[in-house]
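Below is a structure I'd like to ask you about.
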Number of protein chains: 4
Amino acid sequence: MNSLKNSVRLVGNLGMDPEIKTFDTNKKLAKLSLATSESYKNDKGEKITDTQWHNLVLWGAQAKIAEDVLKKGDEIVVEGRINNRSYLDKDGNKKYTSEIVVNEFLKVSSRN
Amino acid sequence: MNSLKNSVRLVGNLGMDPEIKTFDTNKKLAKLSLATSESYKNDKGEKITDTQWHNLVLWGAQAKIAEDVLKKGDEIVVEGRINNRSYLDKDGNKKYTSEIVVNEFLKVSSRN
Amino acid sequence: MNSLKNSVRLVGNLGMDPEIKTFDTNKKLAKLSLATSESYKNDKGEKITDTQWHNLVLWGAQAKIAEDVLKKGDEIVVEGRINNRSYLDKDGNKKYTSEIVVNEFLKVSSRN
Amino acid sequence: MNSLKNSVRLVGNLGMDPEIKTFDTNKKLAKLSLATSESYKNDKGEKITDTQWHNLVLWGAQAKIAEDVLKKGDEIVVEGRINNRSYLDKDGNKKYTSEIVVNEFLKVSSRN
DNA sequence: TTTT
DNA sequence: TTTT
(Lines give C-alpha, C1' and ligand atoms only; values in the text may rest on other atoms or scores of the structure.)
Protein backbone atom coordinates (compact mmCIF):
# COMPACT_ATOMS: atom_id res chain seq x y z
CA MET A 1 0.00 0.00 0.00
CA ASN A 2 1.64 3.22 -1.09
CA SER A 3 1.12 6.87 -0.26
CA LEU A 4 0.32 8.60 -3.53
CA LYS A 5 -3.46 8.38 -3.37
CA ASN A 6 -3.99 8.73 0.37
CA SER A 7 -1.37 10.54 2.43
CA VAL A 8 -1.49 12.55 5.64
CA ARG A 9 1.21 14.67 7.28
CA LEU A 10 0.84 15.83 10.86
CA VAL A 11 3.04 17.73 13.30
CA GLY A 12 1.80 17.70 16.90
CA ASN A 13 2.08 16.56 20.49
CA LEU A 14 1.11 13.28 22.15
CA GLY A 15 -1.73 13.54 24.64
CA MET A 16 -0.71 10.35 26.46
CA ASP A 17 1.91 7.61 26.52
CA PRO A 18 1.55 5.09 23.67
CA GLU A 19 -0.98 2.33 24.29
CA ILE A 20 0.57 -0.98 23.28
CA LYS A 21 -1.09 -4.30 22.40
CA THR A 22 0.88 -7.46 21.68
CA PHE A 23 -0.85 -10.20 19.67
CA ASP A 24 -0.30 -13.97 19.77
CA THR A 25 1.96 -13.74 16.79
CA ASN A 26 4.15 -11.27 18.69
CA LYS A 27 3.02 -8.58 16.33
CA LYS A 28 2.67 -5.26 18.10
CA LEU A 29 0.14 -2.48 17.75
CA ALA A 30 0.66 1.00 19.18
CA LYS A 31 -2.10 3.57 19.52
CA LEU A 32 -1.26 7.25 19.84
CA SER A 33 -3.42 10.29 20.44
CA LEU A 34 -1.95 13.30 18.69
CA ALA A 35 -2.99 16.96 19.03
CA THR A 36 -2.38 19.40 16.19
CA SER A 37 -2.83 23.03 17.26
CA GLU A 38 -3.18 25.90 14.87
CA SER A 39 -3.91 29.57 15.50
CA TYR A 40 -5.62 32.07 13.25
CA LYS A 41 -7.52 35.35 13.54
CA ASN A 42 -11.28 35.30 13.07
CA ASP A 43 -13.46 37.98 11.42
CA LYS A 44 -13.30 40.11 14.57
CA GLY A 45 -9.51 39.93 14.75
CA GLU A 46 -9.54 37.63 17.77
CA LYS A 47 -6.91 34.93 17.98
CA ILE A 48 -8.49 31.50 17.81
CA THR A 49 -6.64 28.27 18.55
CA ASP A 50 -8.06 25.17 16.93
CA THR A 51 -6.85 21.88 18.37
CA GLN A 52 -7.59 18.66 16.55
CA TRP A 53 -7.09 15.25 18.13
CA HIS A 54 -6.06 12.43 15.79
CA ASN A 55 -6.10 8.69 16.45
CA LEU A 56 -2.89 7.14 15.16
CA VAL A 57 -2.20 3.43 14.70
CA LEU A 58 1.27 1.89 14.28
CA TRP A 59 2.11 -1.74 13.47
CA GLY A 60 5.15 -3.99 13.80
CA ALA A 61 8.55 -2.35 13.88
CA GLN A 62 7.08 1.14 14.07
CA ALA A 63 4.99 0.11 17.10
CA LYS A 64 8.07 -1.22 18.90
CA ILE A 65 10.01 1.99 18.33
CA ALA A 66 7.02 4.04 19.48
CA GLU A 67 6.82 1.96 22.66
CA ASP A 68 10.53 2.56 23.34
CA VAL A 69 10.94 6.23 22.56
CA LEU A 70 7.60 8.07 22.80
CA LYS A 71 6.07 9.65 25.87
CA LYS A 72 3.16 11.95 26.65
CA GLY A 73 3.98 15.49 25.57
CA ASP A 74 6.50 14.55 22.87
CA GLU A 75 6.33 16.43 19.61
CA ILE A 76 6.37 14.21 16.51
CA VAL A 77 6.18 14.50 12.73
CA VAL A 78 4.08 11.77 11.09
CA GLU A 79 3.32 10.45 7.61
CA GLY A 80 0.48 7.99 7.15
CA ARG A 81 -2.80 7.18 5.48
CA ILE A 82 -6.43 7.73 6.45
CA ASN A 83 -8.34 4.58 7.31
CA ASN A 84 -12.08 4.90 7.83
CA ARG A 85 -13.63 1.78 9.28
CA SER A 86 -16.75 0.63 11.05
CA TYR A 87 -17.14 -1.69 14.04
CA LEU A 88 -19.88 -2.93 16.36
CA ASP A 89 -19.83 -1.45 19.87
CA LYS A 90 -20.73 -3.49 22.98
CA ASP A 91 -24.45 -2.79 22.40
CA GLY A 92 -24.23 -4.06 18.83
CA ASN A 93 -24.53 -0.63 17.24
CA LYS A 94 -22.51 0.09 14.12
CA LYS A 95 -19.95 2.82 14.78
CA TYR A 96 -17.66 4.64 12.40
CA THR A 97 -14.15 5.73 13.21
CA SER A 98 -11.31 7.39 11.34
CA GLU A 99 -7.68 6.56 12.07
CA ILE A 100 -4.28 7.45 10.67
CA VAL A 101 -2.23 4.33 9.93
CA VAL A 102 1.34 5.61 10.37
CA ASN A 103 4.03 4.73 7.81
CA GLU A 104 6.80 6.78 9.44
CA PHE A 105 7.31 9.05 12.39
CA LEU A 106 10.08 11.19 13.79
CA LYS A 107 10.34 12.51 17.34
CA VAL A 108 11.43 16.14 17.17
CA SER A 109 11.24 17.21 20.78
CA SER A 110 10.47 15.98 24.24
CA ARG A 111 8.86 17.67 27.23
CA ASN A 112 11.81 16.78 29.47
CA MET B 1 -5.02 28.23 8.92
CA ASN B 2 -2.04 26.76 7.15
CA SER B 3 -1.10 23.26 6.05
CA LEU B 4 2.17 22.47 7.75
CA LYS B 5 0.77 20.73 10.84
CA ASN B 6 -2.27 19.06 9.32
CA SER B 7 -2.25 18.23 5.63
CA VAL B 8 -3.93 15.54 3.53
CA ARG B 9 -3.40 14.64 -0.12
CA LEU B 10 -5.87 12.41 -1.92
CA VAL B 11 -6.26 11.19 -5.49
CA GLY B 12 -9.58 9.52 -6.23
CA ASN B 13 -13.01 9.49 -7.88
CA LEU B 14 -16.26 11.18 -6.90
CA GLY B 15 -19.05 8.82 -5.88
CA MET B 16 -21.77 11.37 -6.64
CA ASP B 17 -22.35 14.88 -7.96
CA PRO B 18 -21.37 17.62 -5.50
CA GLU B 19 -24.00 18.45 -2.89
CA ILE B 20 -24.34 22.23 -2.63
CA LYS B 21 -25.74 24.41 0.17
CA THR B 22 -26.08 28.17 -0.12
CA PHE B 23 -26.29 30.18 3.11
CA ASP B 24 -28.05 33.51 3.77
CA THR B 25 -24.80 35.36 3.30
CA ASN B 26 -24.47 33.79 -0.16
CA LYS B 27 -21.57 31.76 1.09
CA LYS B 28 -21.53 28.34 -0.50
CA LEU B 29 -20.65 24.94 0.87
CA ALA B 30 -19.96 21.90 -1.30
CA LYS B 31 -19.84 18.34 -0.02
CA LEU B 32 -18.05 15.65 -1.97
CA SER B 33 -17.71 11.93 -1.44
CA LEU B 34 -14.35 10.72 -2.71
CA ALA B 35 -13.16 7.12 -3.14
CA THR B 36 -9.46 6.29 -3.00
CA SER B 37 -8.70 2.77 -4.25
CA GLU B 38 -5.43 0.99 -3.68
CA SER B 39 -4.38 -2.54 -4.51
CA TYR B 40 -1.84 -4.74 -2.77
CA LYS B 41 -1.05 -8.42 -2.38
CA ASN B 42 -1.84 -10.07 0.93
CA ASP B 43 0.16 -12.82 2.72
CA LYS B 44 -1.32 -15.46 0.39
CA GLY B 45 -0.42 -13.49 -2.73
CA GLU B 46 -4.02 -12.59 -3.47
CA LYS B 47 -4.71 -9.17 -4.90
CA ILE B 48 -6.73 -7.08 -2.49
CA THR B 49 -8.35 -3.77 -3.38
CA ASP B 50 -8.98 -1.44 -0.48
CA THR B 51 -11.40 1.41 -1.19
CA GLN B 52 -11.72 4.23 1.30
CA TRP B 53 -14.52 6.78 1.16
CA HIS B 54 -13.68 10.29 2.33
CA ASN B 55 -16.06 13.14 3.18
CA LEU B 56 -14.79 16.37 1.67
CA VAL B 57 -16.01 19.89 2.47
CA LEU B 58 -15.33 22.97 0.32
CA TRP B 59 -16.21 26.60 1.13
CA GLY B 60 -16.63 29.84 -0.83
CA ALA B 61 -14.85 30.13 -4.15
CA GLN B 62 -13.76 26.50 -4.10
CA ALA B 63 -17.38 25.39 -3.56
CA LYS B 64 -18.55 27.45 -6.56
CA ILE B 65 -15.93 25.94 -8.83
CA ALA B 66 -16.78 22.45 -7.58
CA GLU B 67 -20.46 23.08 -8.36
CA ASP B 68 -19.59 24.20 -11.88
CA VAL B 69 -17.03 21.63 -12.96
CA LEU B 70 -17.35 18.43 -10.91
CA LYS B 71 -19.56 15.43 -11.66
CA LYS B 72 -19.96 11.92 -10.37
CA GLY B 73 -17.09 9.75 -11.60
CA ASP B 74 -14.57 12.58 -12.05
CA GLU B 75 -11.02 11.94 -10.87
CA ILE B 76 -9.58 14.72 -8.71
CA VAL B 77 -6.41 15.55 -6.79
CA VAL B 78 -7.05 17.24 -3.45
CA GLU B 79 -5.09 19.02 -0.71
CA GLY B 80 -6.79 19.78 2.59
CA ARG B 81 -6.84 19.34 6.33
CA ILE B 82 -8.46 16.82 8.65
CA ASN B 83 -11.29 18.19 10.75
CA ASN B 84 -12.71 15.93 13.44
CA ARG B 85 -15.90 17.27 14.97
CA SER B 86 -18.85 16.13 17.00
CA TYR B 87 -22.54 16.90 16.58
CA LEU B 88 -25.89 15.86 18.06
CA ASP B 89 -28.02 13.60 15.85
CA LYS B 90 -31.82 13.84 15.71
CA ASP B 91 -32.13 11.62 18.80
CA GLY B 92 -29.79 13.88 20.75
CA ASN B 93 -26.88 11.42 20.72
CA LYS B 94 -23.38 12.77 20.38
CA LYS B 95 -21.80 11.62 17.12
CA TYR B 96 -18.27 12.01 15.83
CA THR B 97 -17.32 12.59 12.25
CA SER B 98 -14.12 13.21 10.33
CA GLU B 99 -14.01 15.44 7.27
CA ILE B 100 -11.39 16.81 4.92
CA VAL B 101 -11.68 20.59 4.56
CA VAL B 102 -10.32 21.15 1.04
CA ASN B 103 -7.84 23.97 0.35
CA GLU B 104 -7.31 23.16 -3.32
CA PHE B 105 -8.45 20.64 -5.87
CA LEU B 106 -7.70 19.81 -9.47
CA LYS B 107 -9.87 17.79 -11.83
CA VAL B 108 -7.62 15.41 -13.73
CA SER B 109 -10.11 13.35 -15.70
CA SER B 110 -13.77 12.92 -16.38
CA ARG B 111 -15.89 9.85 -17.07
CA ASN B 112 -17.23 11.32 -20.31
CA MET C 1 15.19 5.62 2.26
CA ASN C 2 11.85 6.98 3.38
CA SER C 3 9.85 10.08 2.58
CA LEU C 4 9.37 11.87 5.87
CA LYS C 5 12.39 14.18 5.73
CA ASN C 6 12.52 14.83 2.00
CA SER C 7 9.36 14.52 -0.04
CA VAL C 8 8.13 16.17 -3.23
CA ARG C 9 4.68 16.03 -4.87
CA LEU C 10 4.20 17.21 -8.43
CA VAL C 11 1.29 17.25 -10.88
CA GLY C 12 2.24 18.09 -14.46
CA ASN C 13 2.76 17.10 -18.09
CA LEU C 14 5.60 15.26 -19.78
CA GLY C 15 7.58 17.34 -22.28
CA MET C 16 8.88 14.26 -24.10
CA ASP C 17 8.68 10.47 -24.21
CA PRO C 18 10.61 8.75 -21.38
CA GLU C 19 14.32 8.31 -22.02
CA ILE C 20 15.33 4.76 -21.05
CA LYS C 21 18.74 3.33 -20.18
CA THR C 22 19.32 -0.34 -19.51
CA PHE C 23 22.41 -1.31 -17.52
CA ASP C 24 24.46 -4.53 -17.67
CA THR C 25 22.60 -5.87 -14.69
CA ASN C 26 19.33 -5.40 -16.58
CA LYS C 27 18.44 -2.64 -14.18
CA LYS C 28 16.52 0.12 -15.91
CA LEU C 29 16.63 3.86 -15.52
CA ALA C 30 13.97 6.18 -16.92
CA LYS C 31 14.38 9.92 -17.22
CA LEU C 32 11.36 12.18 -17.51
CA SER C 33 11.00 15.89 -18.06
CA LEU C 34 7.92 17.21 -16.28
CA ALA C 35 6.34 20.66 -16.57
CA THR C 36 4.29 22.09 -13.71
CA SER C 37 2.28 25.14 -14.74
CA GLU C 38 0.68 27.52 -12.31
CA SER C 39 -1.15 30.78 -12.89
CA TYR C 40 -1.47 33.78 -10.61
CA LYS C 41 -2.15 37.49 -10.86
CA ASN C 42 0.73 39.90 -10.37
CA ASP C 43 0.64 43.33 -8.66
CA LYS C 44 -0.87 44.88 -11.80
CA GLY C 45 -3.62 42.29 -12.03
CA GLU C 46 -2.10 40.61 -15.06
CA LYS C 47 -2.36 36.84 -15.31
CA ILE C 48 1.06 35.26 -15.17
CA THR C 49 1.77 31.61 -15.93
CA ASP C 50 4.85 30.17 -14.33
CA THR C 51 6.08 26.89 -15.82
CA GLN C 52 8.73 24.91 -14.04
CA TRP C 53 10.58 22.03 -15.68
CA HIS C 54 11.62 19.19 -13.39
CA ASN C 55 14.08 16.36 -14.08
CA LEU C 56 12.66 13.08 -12.83
CA VAL C 57 14.55 9.82 -12.40
CA LEU C 58 12.93 6.38 -12.01
CA TRP C 59 14.66 3.08 -11.25
CA GLY C 60 13.82 -0.60 -11.63
CA ALA C 61 10.18 -1.58 -11.71
CA GLN C 62 9.02 2.04 -11.86
CA ALA C 63 11.27 2.65 -14.88
CA LYS C 64 9.79 -0.36 -16.69
CA ILE C 65 6.23 0.82 -16.12
CA ALA C 66 7.16 4.34 -17.23
CA GLU C 67 8.64 2.91 -20.44
CA ASP C 68 5.46 0.96 -21.13
CA VAL C 69 2.76 3.49 -20.30
CA LEU C 70 4.09 7.05 -20.49
CA LYS C 71 4.20 9.28 -23.56
CA LYS C 72 4.93 12.94 -24.30
CA GLY C 73 2.02 15.11 -23.17
CA ASP C 74 0.71 12.71 -20.50
CA GLU C 75 -0.37 14.21 -17.20
CA ILE C 76 1.03 12.44 -14.14
CA VAL C 77 1.01 12.75 -10.35
CA VAL C 78 4.37 12.02 -8.73
CA GLU C 79 5.83 11.46 -5.25
CA GLY C 80 9.60 11.45 -4.82
CA ARG C 81 12.62 12.95 -3.14
CA ILE C 82 15.01 15.73 -4.07
CA ASN C 83 18.49 14.59 -4.98
CA ASN C 84 21.11 17.28 -5.46
CA ARG C 85 24.33 15.97 -6.96
CA SER C 86 27.44 17.16 -8.72
CA TYR C 87 29.24 15.70 -11.73
CA LEU C 88 32.09 16.59 -14.05
CA ASP C 89 31.08 17.72 -17.55
CA LYS C 90 33.07 16.81 -20.66
CA ASP C 91 35.40 19.78 -20.08
CA GLY C 92 36.11 18.63 -16.53
CA ASN C 93 34.09 21.40 -14.89
CA LYS C 94 32.11 20.57 -11.76
CA LYS C 95 28.40 20.96 -12.40
CA TYR C 96 25.48 20.79 -10.00
CA THR C 97 22.11 19.33 -10.82
CA SER C 98 18.89 18.71 -8.94
CA GLU C 99 16.68 15.73 -9.71
CA ILE C 100 13.53 14.17 -8.31
CA VAL C 101 14.01 10.47 -7.61
CA VAL C 102 10.47 9.12 -8.06
CA ASN C 103 9.00 6.67 -5.54
CA GLU C 104 5.56 6.44 -7.15
CA PHE C 105 3.70 7.87 -10.07
CA LEU C 106 0.20 7.73 -11.47
CA LYS C 107 -0.87 8.58 -15.00
CA VAL C 108 -4.04 10.66 -14.80
CA SER C 109 -4.60 11.62 -18.41
CA SER C 110 -3.25 11.22 -21.89
CA ARG C 111 -3.23 13.59 -24.84
CA ASN C 112 -4.89 11.03 -27.10
CA MET D 1 0.56 30.40 -6.30
CA ASN D 2 -0.72 27.32 -4.55
CA SER D 3 0.85 24.06 -3.49
CA LEU D 4 -1.12 21.34 -5.24
CA LYS D 5 1.05 20.97 -8.35
CA ASN D 6 4.46 21.66 -6.83
CA SER D 7 5.00 20.98 -3.15
CA VAL D 8 8.04 20.01 -1.08
CA ARG D 9 8.25 18.92 2.56
CA LEU D 10 11.58 18.81 4.35
CA VAL D 11 12.70 18.10 7.91
CA GLY D 12 16.33 18.99 8.64
CA ASN D 13 18.96 21.15 10.29
CA LEU D 14 20.33 24.58 9.36
CA GLY D 15 23.99 24.62 8.35
CA MET D 16 24.39 28.32 9.13
CA ASP D 17 22.53 31.34 10.49
CA PRO D 18 19.98 32.82 8.05
CA GLU D 19 21.42 35.21 5.47
CA ILE D 20 19.20 38.30 5.25
CA LYS D 21 18.84 40.85 2.48
CA THR D 22 16.65 43.95 2.79
CA PHE D 23 15.51 45.65 -0.40
CA ASP D 24 14.67 49.31 -1.03
CA THR D 25 11.01 48.58 -0.54
CA ASN D 26 11.79 47.18 2.90
CA LYS D 27 10.91 43.75 1.60
CA LYS D 28 13.10 41.11 3.17
CA LEU D 29 14.65 37.98 1.76
CA ALA D 30 16.11 35.21 3.91
CA LYS D 31 18.31 32.43 2.58
CA LEU D 32 18.72 29.20 4.50
CA SER D 33 20.89 26.17 3.92
CA LEU D 34 19.12 23.04 5.16
CA ALA D 35 20.55 19.53 5.54
CA THR D 36 18.28 16.50 5.37
CA SER D 37 20.01 13.33 6.59
CA GLU D 38 18.71 9.85 5.98
CA SER D 39 20.22 6.47 6.76
CA TYR D 40 19.72 3.19 5.00
CA LYS D 41 21.55 -0.11 4.55
CA ASN D 42 23.20 -0.82 1.22
CA ASP D 43 23.47 -4.18 -0.57
CA LYS D 44 26.33 -5.25 1.72
CA GLY D 45 24.38 -4.37 4.86
CA GLU D 46 26.52 -1.33 5.61
CA LYS D 47 24.80 1.69 7.09
CA ILE D 48 24.95 4.62 4.70
CA THR D 49 24.02 8.16 5.62
CA ASP D 50 22.96 10.36 2.74
CA THR D 51 22.93 14.08 3.48
CA GLN D 52 21.32 16.46 1.05
CA TRP D 53 21.81 20.23 1.23
CA HIS D 54 18.87 22.35 0.12
CA ASN D 55 18.82 26.08 -0.70
CA LEU D 56 15.75 27.68 0.85
CA VAL D 57 14.39 31.13 0.10
CA LEU D 58 11.89 33.03 2.28
CA TRP D 59 10.18 36.35 1.51
CA GLY D 60 8.41 39.06 3.51
CA ALA D 61 6.89 38.10 6.83
CA GLN D 62 8.43 34.61 6.73
CA ALA D 63 11.87 36.15 6.19
CA LYS D 64 11.44 38.42 9.22
CA ILE D 65 10.45 35.55 11.47
CA ALA D 66 13.37 33.48 10.17
CA GLU D 67 15.75 36.35 10.96
CA ASP D 68 14.39 36.59 14.51
CA VAL D 69 14.12 32.95 15.54
CA LEU D 70 16.43 30.76 13.46
CA LYS D 71 20.05 29.91 14.19
CA LYS D 72 22.67 27.51 12.84
CA GLY D 73 21.91 23.99 14.00
CA ASP D 74 18.16 24.48 14.50
CA GLU D 75 15.87 21.72 13.30
CA ILE D 76 12.93 22.91 11.19
CA VAL D 77 9.99 21.49 9.26
CA VAL D 78 9.34 23.24 5.96
CA GLU D 79 6.68 23.34 3.23
CA GLY D 80 7.46 25.08 -0.06
CA ARG D 81 7.74 24.81 -3.80
CA ILE D 82 10.61 23.98 -6.15
CA ASN D 83 11.86 26.91 -8.21
CA ASN D 84 14.39 26.14 -10.94
CA ARG D 85 15.93 29.26 -12.42
CA SER D 86 18.90 30.33 -14.46
CA TYR D 87 21.19 33.35 -14.01
CA LEU D 88 24.39 34.73 -15.50
CA ASP D 89 27.48 34.41 -13.32
CA LYS D 90 30.19 37.09 -13.13
CA ASP D 91 31.86 35.63 -16.25
CA GLY D 92 28.61 35.83 -18.20
CA ASN D 93 28.03 32.08 -18.21
CA LYS D 94 24.48 30.80 -17.86
CA LYS D 95 24.06 28.86 -14.63
CA TYR D 96 21.13 26.83 -13.36
CA THR D 97 20.06 26.60 -9.77
CA SER D 98 17.24 24.95 -7.85
CA GLU D 99 15.72 26.53 -4.76
CA ILE D 100 12.86 25.83 -2.40
CA VAL D 101 10.62 28.88 -2.00
CA VAL D 102 9.24 28.39 1.52
CA ASN D 103 5.53 28.90 2.24
CA GLU D 104 5.69 27.89 5.90
CA PHE D 105 8.22 26.69 8.41
CA LEU D 106 8.19 25.53 12.01
CA LYS D 107 11.19 25.39 14.34
CA VAL D 108 11.04 22.08 16.20
CA SER D 109 14.29 22.12 18.15
CA SER D 110 17.34 24.17 18.88
CA ARG D 111 20.93 23.13 19.58
CA ASN D 112 20.99 25.12 22.82
C1' DT E 1 27.70 23.93 6.34
C1' DT E 2 23.73 20.82 10.13
C1' DT E 3 22.12 16.96 13.12
C1' DT E 4 21.77 11.93 15.48
C1' DT F 1 9.95 20.38 -24.07
C1' DT F 2 4.15 19.78 -21.79
C1' DT F 3 -0.66 21.26 -20.76
C1' DT F 4 -5.12 24.53 -20.12
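Order of the sequence lines sets the chain letters (A, B, ...), proteins ahead of strands, with each chain counted from 1.
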For the base of E:dT1, is there a side-chain donor-acceptor partner from D:S33 under 3.5 Å away?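 Donor-acceptor pair under 3.5 Å: yes.
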So D:T51, base contact, sugar-phosphate only, or nothing? Heavy-atom distance under 4.0 Å. base
Can A:E79 and D:R9 be counted as an ion pair, charged N to O under 4.0 angstrom? no
Which residues satisfy the side chain to side chain donor-acceptor pair (under 3.5 Å) test with B:S33, sequence neighbours excluded? none
Students often get this wrong, so: under 4.0 angstrom with heavy atoms, is C:T36 touching a base, only sugar-phosphate, or nothing?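 The residue C:T36 makes no contact with any strand.
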Applying the 5.5 Å / 30° rule, does C:W53 stack onto the base of F:dT2?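 It does not: the ring fails the test against the base of F:dT2.
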With respect to the side chain of D:S37, which nucleotide from F:dT1, F:dT3, E:dT3 is positioned closest?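 Among F:dT1, F:dT3, E:dT3, the one nearest the side chain of D:S37 is E:dT3.
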Exam field: side chain B:Q52 to backbone B:S37, donor-acceptor pair closer than 3.5 Å: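 Not a single qualifying donor-acceptor pair exists.
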Where the side chain of C:M16 is concerned, which of E:dT1, F:dT2, F:dT1 is the nearest nucleotide? F:dT1
Nearest-Å distance for atom pair CG/P, residues C:L4 and E:dT3: 20 Å
Rounded to whole Å, the CG-C1' distance (D:N6 to F:dT3) equals 15 Å
Could you give the NZ-to-C1' distance, from C:K107 to F:dT3, as a whole number of Å? 15 Å
Checking contacts here: which listed nucleotide (E:dT3, F:dT2, E:dT1) is nearest the side-chain heavy atoms of C:A35?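 Closest nucleotide to the C:A35 side chain: F:dT2.
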Rounded to whole Å, OH of D:Y96 lies from C1' of F:dT1 at a distance of 13 Å
In whole Å, I'd like the distance from the NZ atom of D:K47 to the C1' atom of E:dT3.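 Taking atom C1' of E:dT3 as the reference, NZ of D:K47 is at 12 Å.
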Rounded to whole angstroms, how far apart are CZ on D:F105 and P on E:dT2? 20 Å
Considering residues at least two apart in sequence or located in another chain, which fulfil the side chain to side chain donor-acceptor pair (under 3.5 Å) criterion with C:E67? C:K28
Could you check whether C:D50 pairs with D:R85 (Lys NZ or Arg NE/NH1/NH2 to Asp/Glu carboxylate O, under 4.0 Å)? no
Distance, rounded to the nearest Å, where D:D74 contributes CG and E:dT1 contributes C1':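 It is 14 Å, rounded to the nearest whole Å.
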Atom CG of D:N84 to atom C1' of F:dT2: distance rounded to whole Å?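 After rounding, the gap between these two atoms is 15 Å.
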